Undergrad: 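Structure incoming, see below.
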4 protein chains.
Amino acid sequence: MQTAPEPDKRTAILHATLDLIAERGFHGTTMALIVRHAGVSAGTIYHYFESKDAIIHDLYHSIKRQYGTALLGGDPFHLPAPDNLIRVWLNAFHYHISHPHESLFLEQYENSPYLASAPAVHTDEQFATLITLVAPLMQQGVLADMPLDVHYVMTLGVAAALARRQIAGLIALDEPMQRRIAAVCYRAVAQPH
Amino acid sequence: MQTAPEPDKRTAILHATLDLIAERGFHGTTMALIVRHAGVSAGTIYHYFESKDAIIHDLYHSIKRQYGTALLGGDPFHLPAPDNLIRVWLNAFHYHISHPHESLFLEQYENSPYLASAPAVHTDEQFATLITLVAPLMQQGVLADMPLDVHYVMTLGVAAALARRQIAGLIALDEPMQRRIAAVCYRAVAQPH
Amino acid sequence: MQTAPEPDKRTAILHATLDLIAERGFHGTTMALIVRHAGVSAGTIYHYFESKDAIIHDLYHSIKRQYGTALLGGDPFHLPAPDNLIRVWLNAFHYHISHPHESLFLEQYENSPYLASAPAVHTDEQFATLITLVAPLMQQGVLADMPLDVHYVMTLGVAAALARRQIAGLIALDEPMQRRIAAVCYRAVAQPH
Amino acid sequence: MQTAPEPDKRTAILHATLDLIAERGFHGTTMALIVRHAGVSAGTIYHYFESKDAIIHDLYHSIKRQYGTALLGGDPFHLPAPDNLIRVWLNAFHYHISHPHESLFLEQYENSPYLASAPAVHTDEQFATLITLVAPLMQQGVLADMPLDVHYVMTLGVAAALARRQIAGLIALDEPMQRRIAAVCYRAVAQPH
DNA sequence: CATGAATGAGTGTTCATTCAT
DNA sequence: CATGAATGAACACTCATTCAT
């Protein structure tokens, strides 16, 4: 007899932690606060996670995976360049806009000296997939011959930075402006002919 | 009995705090550590500053001012566009590269929800001065008509992000590549004709 | 569906607890550890025992009984004095040497203020039986007229202390040396003539 | 201007810890309890000691030193054998009787698997001094040729064990009986002629 | 001005025990 | 009988801040 799916405590812990960190940062997010927001006891948290850090790492990897998937939404592989790159840019921007907590969390995690491990952007699977999109374009001379980091910073990095400014209410880029900036970013890293 | 004139304690505290935060982050930088590195007593710190946060805010503003000055080095006002913008970009990049601790500090401060105050980039004096450089160019149609934040992110934001990657050893952009990227950034925000 | 008859869970719990306490002490032996080593669930332990302390008390009494039996092995009652006393001394020494976990457990239990109850050595049955061996010898003037505790400490107490040192690898008394020390202990409590 | 010697907090912490451990054991002695009994704050304890373990180790070494000094009281070096050995035995017995908390503390410390370091009795200075008393006697054939641990257990070990029983109220050995047992212990480790 | 001993609320974490399944 | 997820009080320890000297 299948009862209603009981509220998953592990998920509740992750959700509570995400929300709290987005609003208060790693150190402002105490275990006591997670306990209160997740509606579980302190002991229960340690039943599911080894430590506070383990929650954060777990959260990071699941958000990173989700983000990677979102970047490839709308099937950019079937579009010709530069449409595929613009699609990825828009996907990135939209992901951040529609997942503000995840966006703030990622920003903090990747900037934090609190976390010894520097999780090189290059090594994760999402980036690996992106490279299968970008590498051929560089070989074909469509994209300029510059370090990958430069391409990254000037496209997805810009998308993320602008999205965060939009989340913070500093700007309000509408759809056409987003497309325009995406195109500009593409042109910036394209090979001049 | 006159001992050797002590180096300014206030400055010693700020220096120690800067170095510690660059290496350990805000929360890894305890008052006890500042005491040890600055060579002053705990009580003395509270003589010069109201709180730990006050040291950090003070540090932020003095670094921000120093950065603003560095951006305008080489007198960009006397150069024609786009040379003046490229000069500013290179100044920004060089500042970060040659002041890694200040760079890491700024990054942390501006990303940190730990600090309630969102110090709007727009309000500080350095940015105000930059606007006197950029505004006429927008009016003249040299720069594209986009929100100022977009211009900022796509130029100085990119310079900062790349410089930090270089500090971290992820990339090694030489002088010509720096100039090339600076030019690309300029073109990205320039008015297409 | 009848599975293979499980080995007695109660016994598994006691065994696991004994091994763990010998190696880690009372407080290093957590219920979670007992659960893991005994291969039973937490709930099951509380089915067989009222509390962690109850396991320990139970263990103590069963080991004490086993020790008492071991002391009387080789039928010292049928030997003349002082052979019977030497036999008991050797039995004690051998018990500790061949039951190092039980020996360490006893030592901890009897030294521990963690256990409120001071389990007077005098009240247990094993000691009662020994008295039937010792009392007549005192009356006959074979053993010196000293408090029973003195006899105990100078014979079995010494045997236990030396055995524990041997377990710890601090000494290595061979059979003849054991007999020699046993004889010396006997002579120490014997009536001088 | 010299004021009354302020109550030394470091000493207060050590005293409180000693009393608590004697009565409740290592684990029953929580930092909260030490705080309460010593009349200092939690932070203050960590100002003087690195950790709870550090307090305990410190206590152990200072008690061990005190005990060593007490053993040599009454100048046993100027007495002929066996009077010097009997003097040491009586010193040991009296130390334990008159320092019951110290005695209980030592017993627990030296039996505890809680403390990784097995501080071999042999290595400390007190024992070293004792050896200067015992070694010549063994060479002269006054003491039997047995491992040092055997001599130790059969003399000072017996004194300690009996003293603890007396502290616990199990026995009440008067001065003549103490002397008699001391003599018996000496004879037990003496070379038979 | 300067010191550093002292504070105590707050931190992340543990663990014997319970109870719905 | 058996399970193991859940509990929450207790634990050792930290650290920004104060204040008597």
Side-chain angles (χ1 to χ4, degrees), chain A residues 1 3 6 8-10 12-13 26-35 38-56, chain B residues 3 6 9-10 26-36 39-56, chain C residues 3 6 9-10 26-36 39-56, chain D residues 1 3 6 8-10 12-13 26-35 38-56:
Chain A
M1 193 199 297
T3 65
E6 70 167 352
D8 183 354
K9 308 217 175 200
R10 193 171 195 284
I13 293 164
F26 291 134
H27 288 90
T29 299
T30 65
M31 294 304 278
L33 235 22
I34 298 177
V35 160
V40 302
S41 69
T44 298
I45 295 182
Y46 286 87
H47 182 72
Y48 289 104
F49 298 94
E50 268 208 343
S51 64
K52 184 185 170 185
D53 281 16
I55 307 177
I56 292 171
Chain B
T3 65
E6 276 194 321
K9 303 206 180 196
R10 194 170 195 284
F26 291 133
H27 288 89
T29 299
T30 65
M31 291 303 275
L33 235 23
I34 297 177
V35 161
R36 187 142 65 254
V40 302
S41 73
T44 299
I45 294 182
Y46 284 87
H47 177 71
Y48 289 105
F49 299 93
E50 235 185 27
S51 66
K52 184 184 171 188
D53 282 15
I55 307 177
I56 292 170
Chain C
T3 65
E6 277 193 322
K9 303 203 181 197
R10 195 172 192 284
F26 290 135
H27 288 89
T29 299
T30 65
M31 292 303 274
L33 234 24
I34 297 176
V35 160
R36 187 144 64 255
V40 302
S41 72
T44 299
I45 294 181
Y46 284 87
H47 178 72
Y48 290 104
F49 299 93
E50 234 184 30
S51 66
K52 184 184 169 186
D53 282 14
I55 306 176
I56 292 170
Chain D
M1 193 197 298
T3 66
E6 69 168 354
D8 184 355
K9 308 217 174 198
R10 193 172 194 283
I13 293 164
F26 292 134
H27 287 90
T29 299
T30 65
M31 293 305 278
L33 236 21
I34 297 176
V35 160
V40 302
S41 71
T44 297
I45 295 182
Y46 287 88
H47 182 73
Y48 290 104
F49 299 93
E50 268 209 343
S51 64
K52 185 184 167 184
D53 281 16
I55 306 176
I56 293 170

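These numbers come from a predicted model, not from an experiment. Order of the sequence lines sets the chain letters (A, B, ...), proteins ahead of strands, with each chain counted from 1. No hydrogens, no waters, no symmetry mates; every other heavy atom, side chains included, goes into these values.
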Undergrad: If each of B:S41 and A:A32 is mapped to the nucleotide of DNA chain E with the nearest heavy atom, which maps nearer the 5' terminus, i.e. the 5' end?
TA: B:S41

Undergrad: Just N and O in the side chain of D:H47: are any of them under 4.0 Å from OP1 or OP2 of E:dA5?
TA: yes

Undergrad: Provide the distance between the two P atoms, one in E:dC1 and one in F:dT21, to the nearest whole Å.
TA: 23 Å

Undergrad: Who is the Watson-Crick or G-U wobble partner of F:dT21, with both distances under 3.5 Å?
TA: E:dA2

Undergrad: Look through every strand shown and name the nucleotide pairing with F:dA9 as Watson-Crick or G-U wobble, where both distances are under 3.5 Å.
TA: E:dT14

Undergrad: Does C:Y48 make a side-chain N or O approach to OP1 or OP2 of F:dC1 shorter than 4.0 Å?
TA: no

Undergrad: Nearest 0.5 Å, what's the NZ-CD1 distance between D:K9 and D:I45?
TA: 11.0 Å

Undergrad: How far apart are the closest heavy atoms of A:A12 and A:A38, and which atoms are they?
TA: O-CB, 3.7 Å

Undergrad: Rounded to whole angstroms, how far apart are CD1 on C:I55 and C1' on E:dC15?
TA: 13 Å

Undergrad: For E:dT7, take OP1 and OP2 only and decide whether either is under 4.0 Å from a side-chain N or O of D:T44.
TA: yes

Undergrad: Nearest whole Å is fine: how far is F:dA10 P from D:I34 CD1?
TA: 17 Å

Undergrad: I'd like to know whether D:H47 forms a side-chain contact (heavy atoms from CB on, under 4.5 Å) with D:I13, so could you lay out the CA-CA distance, the side-chain angles of the two residues, the decisive distance to 0.1 Å, and finally the verdict.
TA: CA-CA 11 Å; D:H47 182 73; D:I13 293 164; over 6 Å; no

Undergrad: Could you give the CG-to-P distance, from D:D8 to E:dA5, as a whole number of Å?
TA: 12 Å

Undergrad: Of all the choices, E:dT13, F:dC15, F:dT17, which nucleotide is nearest to the side chain of A:S51 once you look at every atom?
TA: E:dT13

Undergrad: Compare side-chain N and O positions of A:Y46 against OP1 and OP2 of F:dG8 and report whether any pair is under 4.0 Å apart.
TA: no

Undergrad: Could you tell me whether D:F49 contacts a base, only the sugar-phosphate backbone, or nothing, with contacts defined as non-hydrogen atoms closer than 4.0 Å?
TA: nothing

Undergrad: What is the minimum heavy-atom distance between B:K52 and B:H27, and which atoms define it?
TA: NZ-CA, 4.4 Å

Undergrad: Out of F:dA2, E:dT14, E:dA5, which nucleotide sits closest to the side chain of C:K9?
TA: F:dA2

Undergrad: State which of F:dT17, F:dA6, E:dT17 makes the closest approach to the side chain of B:M31.
TA: F:dT17

Undergrad: Is any side-chain N or O of D:K52 closer than 4.0 Å to OP1 or OP2 of F:dC13?
TA: no

Undergrad: By the definition side-chain contact (heavy atoms from CB on, under 4.5 Å), identify the one residue from D:I34, D:I55, D:T44 that meets it with D:F49.
TA: D:I55

Undergrad: Starting at the 5' end of DNA chain E and moving along, which residue's nearest nucleotide shows up first, A:H27 or B:I45?
TA: B:I45

Undergrad: DNA chain F: D:T29 or C:V40, which has the more 5' nearest nucleotide?
TA: C:V40

